Each structure stands twice: as C-alpha cells, then as structure tokens.
Amino acid sequence: MNLFFIPSIIALFSILAPVLRYGKDHILPANYVFKPAELQEIVQTTLAENPGANNTALFTALGHKFSDRYGPYVKDLNYDDWHFSNAGGAMGTFFIFHASFTEYLIVFGSATGTEGHTGYHLADDYFIIVSGEQSAAYPGENMPTIYKPGEMHHLSYGTAQQYAMPPGSFAIELAQGYIPTMLIFGFLDSIFSTADPFNLWLQIKFTTISMFKNLLLGKI
Ligand SMILES: *[C@@H]1O[C@H](CO)[C@@H](O)[C@H](O)[C@H]1NC(C)=O
C-alpha cells in the first residue's frame, strides 16, 4: 500500500468534516419529519397507557401511534419484516418504520441481550427505551450511564460508545443525518462476521424499499 494512503484519507476527511457538519446542522434538518422529543413523548404515553404490557403489546400500540401521527412516512408494524442487525459486534433484531436519506426510525432490541460498539456516525442517534434498559459508556469511564424505559439516550454526531442491553430490551431508535453512510456500518458485520447473505438481502431490501417509497413522497 502506498505510504501516503492513510495520511491522505485523514487529510481529506479533515477538509470534508466541517463541510459535512455544516450540512448536518443547516441543510439536512429542512428534510426531517421526526422530532426526538415528540417520539419520546409518544413512547412515554404508550408506557403510561399500557402498564405491565409485554413487548408485543407495546410495539403494537407504538405502531398505531406512529401511523396516526406520521401517516405515509411510516410503515405499519408487522411481524414478518423483522430481521437481524449485526453491527459493531452487537446483534439484535429490528423493524424499519421509516428509512430515507436523512432519517431512519426503527424498533431495535434483542430477546437474548447484546453488547457492542455503537459505531461512529455522521448522524445524531436518539435511542428511546421501551423495555429493559441500555447501558453505555465512553472510553475511560468505568461506570456506565443507564437508560430506563421512557428515557432517551442521545448519541451525538461523530461520537461513539460501548453499549449493552440485557435480554428482552427494546428501544425506538431515530437517526438523523447522512443515513447512507450509516448503512455501511450496518452491513459490514453481515458480510465479514456472520457471512449471512440472507439477512444482508433483507436489510438491503427493506431499507431500499422504504427509501424509495419516501422519495416518491418527496421525502429525502
Ligand atoms: C402479550 O400480551 C398480549 C395482550 O395482553 C397477549 O395477547 C399476548 O398473548 C402476550 N404475549 C406473550 C408472548 O405473552
């Protein structure tokens, strides 16, 4: 490999980084349909209205609320289109309510529990706990921050943490930013770790269909 390859990539990125951040702060938000605080309120209301409900009942109630509030921008919840997420060493299952070039909204979690690297993303990530909990820590922290049902964990654009979720934990996740760049992270483990072409196909299929449908609605 050329001696200058890695320094060149770093130099290129340091020139691009401020441009990308300006776009994220000033250009992309005009395309956003979702608001983190509003989604958190929907999750909190759902939890308050369904005390002691199991995950299936909570997801169903959330799906109805999303469809009422966001109409054609979200897909109706079903139990056929869930697939695995393998990314950053963590494994979970998810359903895509919405994917476009600037946002995605999913329900993500794991029946068995999971742990891994959040990834560095060119997007803000909002993780609103529905059941169980999530713990997360930056390098050097020797105690995690713990997020409980109804609480929202905002992982800022360009930062990364280690995170864990015990069995049966699920969350509503909203990402806002350069979504196509996040997909690379979302696909790598399915290629190089699990070597699961069936799941990779489902990920690509459901993401692409949702992006295309939203594009037809004029949603970038
Ligand atoms: C979850 O709760 C619903 C509604 O109370 C119930 O019909 C369903 O059987 C429960 N599912 C499980 C797996 O316990």
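Whatever order the structure lists ligands and atoms in, that order sets their numbers, starting from 1. This is a predicted model, so every value here is computed, not measured. We count residues from 1, following the sequence as given.
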Inset, instruction - Over all heavy atoms of both residues, which pair between Ala123 and Tyr178 is shortest? Give the atoms and the distance, please. - result: CB-N, 4.3 Å

Legend entry - side chain to side chain donor-acceptor pair (under 3.5 Å): pairs with one or both residues in residues 128-139, sequence neighbours excluded: Asn55-Ser131, Glu133-Lys148, Gln134-His153

Inset, instruction - Return each pair, listed once, that meets salt bridge (Lys or Arg N to Asp or Glu O under 4.0 Å) where at least one residue sits in residues 172-199; pairs must be two or more places apart or across chains. - result: none

Inset, instruction - Quick one: do Leu20 and Tyr157 satisfy side chain to side chain contact (heavy atoms under 4.5 Å, CB included)? Show the steps, please. - result: CA-CA 11 Å; Leu20 289 173; Tyr157 180 96; 3.6 Å; yes

Inset, instruction - Locate the shortest heavy-atom distance separating Ala137 from Met143; write the atom from each residue and the value. - result: CB-O, 4.4 Å

Legend entry - Residues in contact with ligand 1, criterion: heavy atom under 4.0 Å: Asn54

Legend entry - Partner set under ring pair (Phe, Tyr, Trp, His ring centres under 6.0 Å) for Tyr70, not counting sequence neighbours: Phe34

